[in-house]
Amino acid sequence: MYRIQAPDFNIDLTLSCGQVFRWDKKEQWTGVVNGAVIRATQEGSELIIESTLDKKSIQDYFRLEDDLEKIYSEIGRDELITSLIRKYRGLRLIRQDPWECLASYICSSNNTIRNIKNSIRLMCECFGNRIENGYYSFPTPEALSQAELCDMASCRLGFRAPNVRSAAAMIADGEFDLYGIKDLSYEEGREELVKIRGVGNKIADCVLLFAFGKLESFPVDTHIEQIMERYYSENLKDVKKSKKRDAIADSARRYFGKYCGYAQEYLYLEDQEK
DNA sequence: CTCCAGGCTTACG
DNA sequence: CGTAAGCATGGA
């Protein structure tokens, strides 16, 4: 057990806003990151951590190095977003493992957070390694690439199961260099990710934002589309229906600037509460 | 019963 | 080119 200074951090908002799928809060927050169990409690501006992971890994995972004041002043372009910043101060993006993030968001396609969480839990129990009682590692690309579709059916993935398995196979076989995306630009990374079956612009944007820290990424799902149309429709004149979500993302990038990924998460959380 | 969920792919004009 | 159906599953 050890302590970490975490000023300007709200662990409840960070872990419950829908960006990660494998954390639960009982007496304390408990999750599995990079094959290790983490138990975390926040006391004021301190985190109390029980884990085999070291302090540096935790700081990295919760992006405690991000200068939130600077980010807030960049994205705080109007009354709505500044009110959300006041309301949800301390919500941070998380730096997820790229493979877990990619596989998880392939599961998110036309799905609910409740079902996504359930499917991911079943996948970990079925194809991951047991760490301690009740906690499993996220299955490796190798493990999932060798899974039978009939076994994956028990994970309730529906039509997404073949997409998860083929992505796993591309990475396990070395056909796709997922971890090399960290050295690419946002645009180049997106070009690569959408080559994967079941990955379009939105899921690619989630992986670029949540795993590779491309803060200029602005994933547009059904919630963000609605909230952007409601509050920022003046930025969206003459948008064609077929590429509406791309146009919303582009306009948000211009409007909120290079940290628009943070703006997206605050807008998303606001819509979640309704 | 219908509609929708942190969408994507394919088929049709 | 642009649009729309279809896709498994579960909850409202």
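Predicted, not measured: the structure shown is a model, and the values here were computed from it. Every chain is numbered from 1 and lettered A, B, ... according to where its sequence line falls, protein lines coming before strand lines. In what follows, every heavy atom counts, from backbone to side chain, and hydrogens, waters and symmetry copies are set aside.
- When heavy atoms are screened at a 4.0 angstrom cut-off, A/Val220 is found touching no nucleic acid atom at all.
- Annotation: side-chain contact (heavy atoms from CB on, under 4.5 Å) contacts of A/Lys117 (sequence neighbours excluded): A/Phe21, A/Ile113.
- Within the 4.0 angstrom heavy-atom criterion, only backbone atoms of the sugar-phosphate kind lie near A/Gly198; the bases stay farther away.
- Taking atom NZ on A/Lys202 and atom P on B/dC8, their separation rounds to 7 Å, with Å as the unit.
- Among the atoms of the strands shown, only primed sugar atoms or phosphate atoms (P, OP1, OP2) are found under 4.0 Å from some heavy atom of A/Ile196.
- Atom CG of A/Asp221 and atom P of B/dC4 are 15 Å apart (whole Å).
- A/Ser108 comes within contact range of the sugar-phosphate backbone alone, with a heavy-atom separation under 4.0 Å but no base atom that close.
- Close to B/dT10, at under 4.0 Å from its OP1 or OP2, lies a side-chain N or O of A/Arg197.
- Taking the side chain as every heavy atom from C-beta outward, A/Tyr266 and A/Leu80 never approach each other to under 4.5 Å.
- Between B/dC8 and C/dG10, the two P atoms lie 22 Å apart (nearest whole Å).
- The salt bridge (Lys or Arg N to Asp or Glu O under 4.0 Å) analysis of residues 18-30 of chain A, with sequence neighbours excluded, yields the pairs A/Asp12-A/Lys25.
- Heavy-atom distances to DNA chain B give each of A/Val194 and A/Tyr268 a nearest nucleotide, and the one nearer the 5′ end belongs to A/Tyr268.
- In terms of heavy-atom proximity, A/Leu68 sits nearest to A/Gly90 at CD1-CA, 4.1 Å.
- Comparing C/dA8, C/dT3, B/dA5 by their closest approach to the side chain of A/Phe159 singles out C/dA8.
- Here the C1' atom of nucleotide B/dG7 and the CZ atom of A/Arg245 are 7 Å apart, to the nearest Å.
- When all heavy atoms are compared, the tightest approach of A/Phe210 to A/Tyr105 is CE1-OH, 3.3 Å.
- Remark: A/Arg39 is positioned above the aromatic ring of A/Tyr135, its terminal NZ or CZ atom under 6.0 angstrom from the ring centre and at most 45 degrees off the axis.
- In this structure, A/Gln226 reaches the B/dA5 phosphate: one of its side-chain N or O atoms is under 4.0 Å from OP1 or OP2.
- The minimum heavy-atom distance between A/Gln19 and A/Arg92, with the atom names listed, is NE2-O, 2.9 Å.
- Between the OH atom of A/Tyr105 and the C1' atom of B/dG7 there is a distance of 13 Å, given to the nearest Å.
- For A/Asp246 and C/dT3, the CG to P distance is 13 Å, given to the nearest whole Å.
- Remark: C1' of B/dC8 and CZ of A/Arg190 are 14 Å apart, rounded to the nearest angstrom.
- Rounded to whole Å, the distance from CG on A/Asn110 to P on C/dG10 is 14 Å.
- Residue A/Arg156 places at least one side-chain N or O under 4.0 Å from the OP1 or OP2 atom of C/dG10.
- Of all the residues in residues 111-128 of chain A, A/Arg114, A/Asn115 reach under 4.0 Å from DNA chain C with at least one non-hydrogen atom.
- As rounded to the nearest Å, B/dC3 and C/dA4 have P atoms that lie 16 Å from one another.
- We find that CD1 of A/Ile106 is positioned 21 Å from P of B/dA5, with the value rounded to whole Å.
- Centroid-to-centroid, the aromatic rings of A/Tyr255 and A/Phe218 stay 6.0 Å apart or farther.
- Checked against B/dG7, C/dG2, B/dA5, the side chain of A/Lys240 finds its nearest nucleotide in C/dG2.
- On a pure distance criterion of 3.5 Å, a polar donor-acceptor pair joins the side chain of A/Ser109 and the base of B/dG7.
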